[in-house]
Amino acid sequence: MKNKKALLFILIILILFVFLGFFKDKLLMLIYPKTYQEIVNMYANNYNVDENLIFAVIKAESNFNQEAISNKKAIGLMQIMEETAKDVAIKYSIDIDINNLRQEILKIDNNINIGTKYLQILIAKYNNIEVALAAYNAGIGTVDNWIDKGIIKSDGTDIENIPYKETNTYVRKILRDYKIYKSLYS
C-alpha cells in the first residue's frame, strides 16, 4: 500500500512538471500581462522607450490598477505625483486640464503618456535605466545627491548601493520584471 501511494505521488509530481513545462510561458503571461498594450505601444514608440520597461514599471507601481493611489499620493498605473505630472505636461505640451490634475492623471492614456515621457526624460538625463529607475522612485534631487556624494555611480554599475531600502528593492524588482517581460514577449 505504501509503495502504491509513493508511486502515485511521484506520478502526480511528474505530471505537474510536464504540465508546467508546457504551460510555463502561458502562466507567466497571466502574471506579467500586457494590459493596455495599444496605449503603451503608442507612447513607447513616441518617446523611444522599450514597451517592456513600461510594462515592468506599471506592474511594479500599480499592478495594472488604474485607480491606484499610494500613501505618498502617487496616482494611477505609473504612480505619478501631481507636481511631476504638472511639470512634465507643461514643459512638453501634453494636453491635460491642470485644474483637474488628479482626475486627469487617473485617465489611463494621460497616465501612460506622462509616465512614459518622464521615464524618457530620466533615461536621457542619466544615460542608463538603473539610475533612471532610482530617480523615478526617489526623485531626481535625491539621486543627484547620491551621485554627487559618491554613494552611487552615475553609470549605474553599483546600483546595489542605493541607500533607501524601498528604492533599492524597487529598482531590482523592475529590472527583474523587465527581464521577464523581454524574455516572454521579445
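In this chain, numbering begins with 1 at the start of the sequence shown.
- Within the structure, the ring-ring contact (aromatic ring centres under 6.0 Å, His included) test picks out no pair touching residues 83-117 (sequence neighbours left out).
- Panel note: side chain Ser186, backbone Ser183; no donor-acceptor pair is recorded below 3.5 Å.
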Determine whether Ile80 and Tyr136 satisfy the following criterion, side chain to side chain contact (heavy atoms under 4.5 Å, CB included), listing intermediate values before the conclusion.
CA-CA 9 Å; Ile80 302 165; Tyr136 193 94; 4.1 Å; yes
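- From Asn100, atom CG reaches atom CG of Leu106 across 11.5 Å, with rounding to the nearest 0.5 Å.
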The test is side chain to side chain contact (heavy atoms under 4.5 Å, CB included); show your working for Tyr126 and Ile147 and say whether it passes.
CA-CA 10 Å; Tyr126 295 107; Ile147 292 168; 3.9 Å; yes
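- Between Glu83 and Lys86 no salt bridge is recorded (no basic side-chain N to carboxylate O distance below 4.0 Å).
- Partners of Asp144 under the salt bridge (Lys or Arg N to Asp or Glu O under 4.0 Å) rule, at least two apart in sequence or in another chain, are Lys125.
- More than 12 heavy atoms of other residues, nucleotides or ligands sit less than 6.0 Å from atom CD of Glu160.
- Heavy atoms from other residues, nucleotides or ligands lying under 6.0 Å from CG of Asn46 number more than 12.
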Start with the C-alpha gap between Ile129 and Leu175, add the side-chain angles, then the distance that decides, and say whether side chain to side chain contact (heavy atoms under 4.5 Å, CB included) holds.
CA-CA 9 Å; Ile129 291 171; Leu175 291 173; 4.2 Å; yes
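- Between the side chains of Asn137 and Tyr164, no donor N or O sits under 3.5 Å from an acceptor N or O.
- Atoms CD and CD1, on Glu104 and Ile94 in that order, are 11.5 Å from each other to the nearest 0.5 Å.
- Here the straight-line distance linking atom CG of Leu119 with atom CD1 of Ile114 works out to 12.5 Å at 0.5 Å rounding.
- Here the OG1-CD1 distance, from Thr116 to Ile54, works out to 3.5 Å after rounding to the nearest 0.5 Å.
- Residue Ala85 comes nearest to Ile96 through the heavy atom pair O-CD1, 4.5 Å, listed as atom of the first residue, atom of the second, then distance.
- The minimum heavy-atom distance linking Ser62 with Gly76 is given by the pair CB-O, 3.6 Å.
- For the pair Lys34 and Tyr185, the distance from NZ or CZ to the six-membered ring centre is under 6.0 Å and the angle to the ring normal is within 45 degrees.
- When side chains are defined from C-beta on, Thr35 does not count as touching Val40, because their heavy atoms never get closer than 4.5 Å.
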Taking it one step at a time, do Glu51 and Tyr43 satisfy side chain to side chain donor-acceptor pair (under 3.5 Å)?
CA-CA 8 Å; Glu51 73 175 45; Tyr43 292 116; over 6 Å; no
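- No continuous path of hydrophobic side-chain contacts links Met81 to Tyr118 [ILVMFWY only; heavy atoms under 4.5 Å].
- Proximity of a side-chain donor or acceptor of Asn110 to a complementary backbone N or O of Ile105 within less than 3.5 Å is not detected.
- Closest approach of Gln79 to Ser70, counting heavy atoms only: OE1-CB, 3.2 Å.
- Checking side-chain atoms of Asn111 against main-chain N and O of Lys107 turns up no donor-acceptor pair under 3.5 Å.
- Neither side chain, Asn113 nor Asp109, offers a donor N or O lying under 3.5 Å from an acceptor on the other.
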Stepwise side chain to side chain contact (heavy atoms under 4.5 Å, CB included) check, Ile123 with Asn127
CA-CA 5 Å; Ile123 292 167; Asn127 206 27; over 6 Å; no
Show your working on side chain to side chain donor-acceptor pair (under 3.5 Å) between Asp50 and Tyr178 and close with a plain yes or no.
CA-CA 9 Å; Asp50 185 344; Tyr178 181 36; 2.8 Å; yes
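- Interatomic distance, Thr169 OG1 to Arg176 CZ, rounded to the nearest 0.5 Å: 10.5 Å.
- Remark: the Asn145 side chain and the Asp148 side chain contain no N/O donor-acceptor pair separated by less than 3.5 Å.
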From CA spacing to verdict: salt bridge (Lys or Arg N to Asp or Glu O under 4.0 Å), Glu166, Lys72
CA-CA 13 Å; Glu166 176 191 330; Lys72 294 181 181 175; 3.3 Å; yes
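- Across every non-hydrogen atom of Ala134 and Ile162, the tightest pair is CB-CD1, 3.9 Å.
- From Gln66, atom CD reaches atom CD1 of Ile108 across 3.5 Å, with rounding to the nearest 0.5 Å.
- At least one side-chain heavy atom of Leu53 sits less than 4.5 Å from a side-chain heavy atom of Ile174.
- Counting heavy atoms from C-beta on, the side chains of Ile31 and Lys59 come closer than 4.5 Å.
- One finds a salt bridge joining Glu82 and Arg102 here, because a Lys/Arg side-chain nitrogen approaches an Asp/Glu carboxylate oxygen to under 4.0 Å.
- Listed for the Lys117 side chain is no donor-acceptor partner under 3.5 Å among the backbone atoms of Ile112.
- Hydrophobic clustering, with ILVMFWY side chains joined whenever heavy atoms are under 4.5 angstrom apart, groups Ile58 together with Tyr47.
- Under the 3.5 Å distance criterion, the side-chain polar atoms of Asn128 are matched with a main-chain donor or acceptor of Val131.
- Every residue meeting the ring-ring contact (aromatic ring centres under 6.0 Å, His included) condition with Tyr32, not counting sequence neighbours, appears here in chain and number order: Tyr181.
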